[in-house]
Amino acid sequence: MQQQRLCAILKPGPPLPHLSKIDTGSTNLINASIYFSARHCIPATWLNDRDQFLYPDDSWQDDTDFHTNCLIFTLFHGQNKISAEQGVNHWIPFTERDIGCKSAFASDFMSRFIAGKMKPQEQTDTLLTERKSLIPTAPLVLTEQAQAVFDAGRELWTYYHAKQHYGQNININASYYDIRKYFQGETNGKMNKTSN
């Protein structure tokens, strides 16, 4: 619990001190989302500062509601610091049509993952052969709470992309982090904490 601030979704890059890193793709996206969500959904307090993260059994592997809730939590969490400024953004959960974008995104990975449309060659990984595959083969069914968060995210992306119609300079491939930064602004190279 004491290292929560170090648990973030970042673009690949040089290793940062004191950080463990996992490369995330279609084969371990759900697993990484579960790890990320478990680390961030419980606020750190003096009572749990030294708590360890354990799980009682393997039943979580069959709980698809848990999987989708964790994925949506991860997509729209403040520690998801993926930025299109650092390269191709594979974390856009919507299609261009969903949000009224006139241009094609550089990557449709996340929207295809959510829609259960991963290609067979994207679903193989020798490191995960002995584990149950958590790659969706059908569109994810969101719980009521996850759907509410997803819909709010869609509204935010739609509002952001509408700025292009008014001649404002936006990044078509903007991530959740980039959109927040656009509306909140930045001071001395750091994103402001609030937005009007």
Side-chain angles (χ1 to χ4, degrees), residues 1-12 19-45 47-82 89-95 98-99 107-157 175-177 179-180:
M1 291 299 288
Q2 63 181 333
Q3 301 298 328
Q4 293 303 68
R5 63 182 178 75
L6 300 178
C7 182
I9 307 292
L10 304 168
K11 281 279 193 182
L19 288 181
S20 296
K21 179 183 148 206
I22 59 168
D23 292 326
T24 306
S26 62
T27 55
N28 67 346
L29 179 60
I30 294 294
N31 302 70
S33 296
I34 290 169
Y35 176 81
F36 179 88
S37 299
R39 293 294 304 257
H40 285 289
C41 72
I42 303 167
T45 67
L47 290 171
N48 64 9
D49 186 53
R50 300 283 189 245
D51 283 0
Q52 301 298 308
F53 289 88
L54 307 172
Y55 62 95
D57 55 43
D58 288 333
S59 62
W60 65 269
Q61 294 184 51
D62 298 317
D63 190 346
T64 56
D65 285 348
F66 179 62
H67 300 168
T68 56
N69 285 347
C70 289
L71 178 62
I72 299 304
F73 182 92
T74 301
L75 287 171
F76 300 105
H77 191 275
Q79 282 294 97
N80 180 342
K81 297 182 178 182
I82 297 293
N89 174 18
H90 300 285
W91 288 73
I92 302 173
F94 311 108
T95 66
D98 288 342
I99 59 173
S107 172
D108 63 351
F109 168 80
M110 192 60 68
S111 62
R112 284 187 302 113
F113 186 88
I114 291 170
K117 296 181 178 178
M118 298 306 299
K119 296 176 186 171
Q121 67 268 21
E122 294 173 297
Q123 297 186 22
T124 58
D125 186 341
T126 55
L127 297 175
L128 297 174
T129 52
E130 59 276 346
R131 284 196 204 142
K132 181 178 178 177
S133 174
L134 299 178
I135 301 171
T137 55
L140 295 180
V141 177
L142 302 180
T143 62
E144 183 181 335
Q145 296 84 358
Q147 188 66 54
V149 172
F150 194 74
D151 292 343
R154 183 184 304 111
E155 286 182 39
L156 178 64
W157 249 272
S175 66
Y176 177 61
Y177 179 84
I179 293 171
R180 287 177 44 231

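Side chains are part of it too, since the values below use all heavy atoms of this structure and drop only hydrogens, waters and symmetry mates. Predicted, not measured: the structure shown is a model, and the values here were computed from it.
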Please give me the minimum heavy-atom distance between [X] and [Y], naming the atom from each residue.
X	Y	result
H90	S107	ND1-OG, 2.7 Å
S175	W157	C-CZ2, 3.9 Å
S37	C70	OG-O, 3.1 Å
F113	L134	CZ-O, 4.3 Å
N80	Y177	O-CB, 3.7 Å
P93	M110	CA-CG, 3.9 Å

Before you tell me yes or no, could you show the steps for S33 and F73 under side-chain contact (heavy atoms from CB on, under 4.5 Å), namely the whole-Å CA-CA distance, both residues' side-chain angles and the distance that decides it to 0.1 Å? CA-CA 8 Å; S33 296; F73 182 92; over 6 Å; no
Output yes when a side-chain donor or acceptor of N28 lies under 3.5 Å from a complementary backbone atom of N31, and no otherwise.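 No: the side chain of N28 does not pair with the backbone of N31.
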Main chain of T95, side chain of D98: is a donor-acceptor contact present, judged purely on distance under 3.5 Å?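 The answer is yes, because a donor-acceptor pair under 3.5 Å joins these two groups.
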Please round to the nearest 0.5 Å and tell me the distance separating atom [atom1] of [X] and atom [atom2] of [Y].
X	Y	atom1	atom2	result
L29	T74	CG	OG1	8.0 Å
K117	F109	NZ	CZ	14.5 Å
I30	H67	CD1	NE2	7.0 Å
I114	T68	CD1	OG1	10.0 Å

Residue list, side chain to side chain contact (heavy atoms under 4.5 Å, CB included) with T143, at least two apart or on another chain: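 Listed in chain order: D65, N69, Q145, A146.
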Mind checking whether Y176 and F76 have parallel, tilted or perpendicular rings, split at 30° and 60°?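 It falls in the perpendicular class, over 60°.
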Quick one: ring-ring contact (aromatic ring centres under 6.0 Å, His included) partners of F150, sequence neighbours excluded?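 With neighbours one apart ignored, the set is F94.
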Residues L140, I72; criterion side-chain contact (heavy atoms from CB on, under 4.5 Å); working and verdict: CA-CA 11 Å; L140 295 180; I72 299 304; over 6 Å; no
